[in-house]
Amino acid sequence: MCRPDHYGIYYSINPWMKKILRNEGNQKIRREALGQWHNLKSVYEEEGFAVQPISQVSGCPDMVFVANAGLVCGNIFVSSNFRYAERQPEESHFRKCFQGQGFQVKTVEGKFEGHGDALFHKGTLVCMIGFRSSDRGVRQAAEHVGKTPVVLKLVDERFYHGDTCFCPLDPILFYPRAFDRPSRRKIERLGEAEALGEKDALAFVGNGTPLYRGTRQIYVGPMPSKNLRKKLENRGISIREVSLPAFKKSGGGARCLTLFL
Ligand code: ARG
């Protein structure tokens with residue numbers, strides 16, 4: 001995780017940021033973000049996960065969204081190749097960090113935004129294209145880790161990264177209208193899946209962090225719908241509700257702030 005010491009909305013590269021740019025101060029956003037980030041970190045630690053920090057570099061406000069650093073699989077780190085110039089300076093900082101930790105660092109030529117667009121579901125690598133990562137990028141990344149990806153196409157720009165609308169719990173939580181029709185069918189073939197309504201999807205329920213601890217499943221994220229809460233609890237999934245509005249302003253949530261090592 002990356003503490004939001006230099007976080008803010010300094011540019012707009014997704015529809016969530018567009019709304020904010022006009023009317024808010026970054027100092028206030030940063031103050032709120034720090035508190036919310038510490039809450040999220042505490043939840044992970046309470047659930048028994050160790051958090052390894054990476055320092056945020058000034059001038060890289062979106063570096064807090066570490067899920068986008070790259071794809072981690074075993075000892076391999078496939079470094080992201082960001083679509084927008086605004087985020088490209090992050091690449092070398094993340095690469096250096098992973099190199100220093102002894103990972104084998106790989107690169108791709110196509111556009112690729114790490115676990116924002118690449119999620120493991122029971123050993124299958126599910127990749128999303130359409131806004132940030134390209135078909136070429138995700139296939140090159142998958143090849144580096146020896147996987148044949150299931151590639152899904154995103155069609156709603158509010159859900160510009162796959163991890164904003166697809167949470168690989170068991171059952172998968174996903175927002176159907178964020179995907180084209182063939183992709184929805186592919187999701188159904190992946191296993192049991194729970195379709196999110198628009199309200200839950202816009203609250204970024206799809207961006208909750210799925211934690212697996214032995215046979216236990218934990219969902220960490222927003223949970224506005226009592227119905228969905230009941231359904232998941234009946235399936236034995238523990239819910240740790242966290243609210244991350246300061247990060248939502250940038251188009252991110254719990255999963256985006258987290259990279260699994
Ligand atoms: N402002 C960031 C961007 O648009 C948010 C990234 C959210 N990260 C994620 N994994 N969905 O790139």
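Quick note: numbers below take in every heavy atom, side chains included, and nothing from hydrogens, waters or symmetry partners. Both counts, for ligands and for their atoms, begin at 1 and track the order of listing. Computed from a predicted model, the values in this text were never measured in an experiment.
Near Met17, with a cut-off below 4.0 Å to any heavy atom, the atoms of ligand 1 are 1 (N). Short contacts between ligand 1 and Ile13, defined as distances under 4.0 Å to a heavy atom of the residue, involve ligand atoms 3 (C), 4 (O), 12 (O). Listed by atom number, the atoms of ligand 1 under 4.0 Å from Gly116 heavy atoms are 10 (N).
Glu113 and Arg83 are not joined by a salt bridge, as no carboxylate oxygen comes within less than 4.0 angstrom of a charged side-chain nitrogen. Taking the charged nitrogens against the carboxylate oxygens, Glu47 and Arg213 have no contact shorter than 4.0 Å, which rules out a salt bridge. A salt bridge does not link Asp156 with Arg177: every distance from a Lys NZ or Arg NE/NH1/NH2 to an Asp or Glu carboxylate oxygen is 4.0 Å or more.
The nearest non-hydrogen atom to atom 8 (N) of ligand 1, considering only Val66, Thr164, Asn68, comes from Asn68. Of the candidates Tyr160, Tyr84, Phe247, Phe82, the one placing a heavy atom closest to atom 5 (C) of ligand 1 is Tyr160.
At a heavy-atom cutoff of 4.0 Å, ligand 1 is contacted by the side chain of Arg132 but not by its backbone. Contact annotation for Glu113 and ligand 1: no heavy atom of the residue comes within less than 4.0 Å of the ligand. Residue Arg87 touches ligand 1 through its side chain alone, judged by heavy-atom distances below 4.0 Å.
Summary of contacts: the protein heavy atom closest to atom 9 (C) of ligand 1 is Cys256 SG, 2.8 Å. Shortest contact from atom 10 (N) of ligand 1 to any protein heavy atom: Asp163 OD2, 2.8 Å. In this structure, the protein non-hydrogen atom closest to atom 2 (C) of ligand 1 is Asp62 OD2, 3.2 Å.
Side-chain N/O atoms of Thr209 and Tyr44 include a donor and acceptor closer than 3.5 Å. In this model, no donor atom of one side chain and acceptor atom of the other lie less than 3.5 Å apart for Asn81 and Thr107.
Residue Glu233 forms a salt bridge (Lys or Arg N to Asp or Glu O under 4.0 Å) with just one option from Arg229, Lys230, Arg235, and that option is Arg229.
Counting all heavy atoms, side chain and backbone alike, Cys2 lies closest to Val66 at CB-CG1, 3.6 Å.
Ligand 1 has an N or O atom lying under 3.5 Å from an N or O atom of Asn14, backbone or side chain.
Note that Lys111 lies outside the cation-pi zone of Phe82, set by a 6.0 Å cut-off to the ring centre and a 45° limit from the axis.
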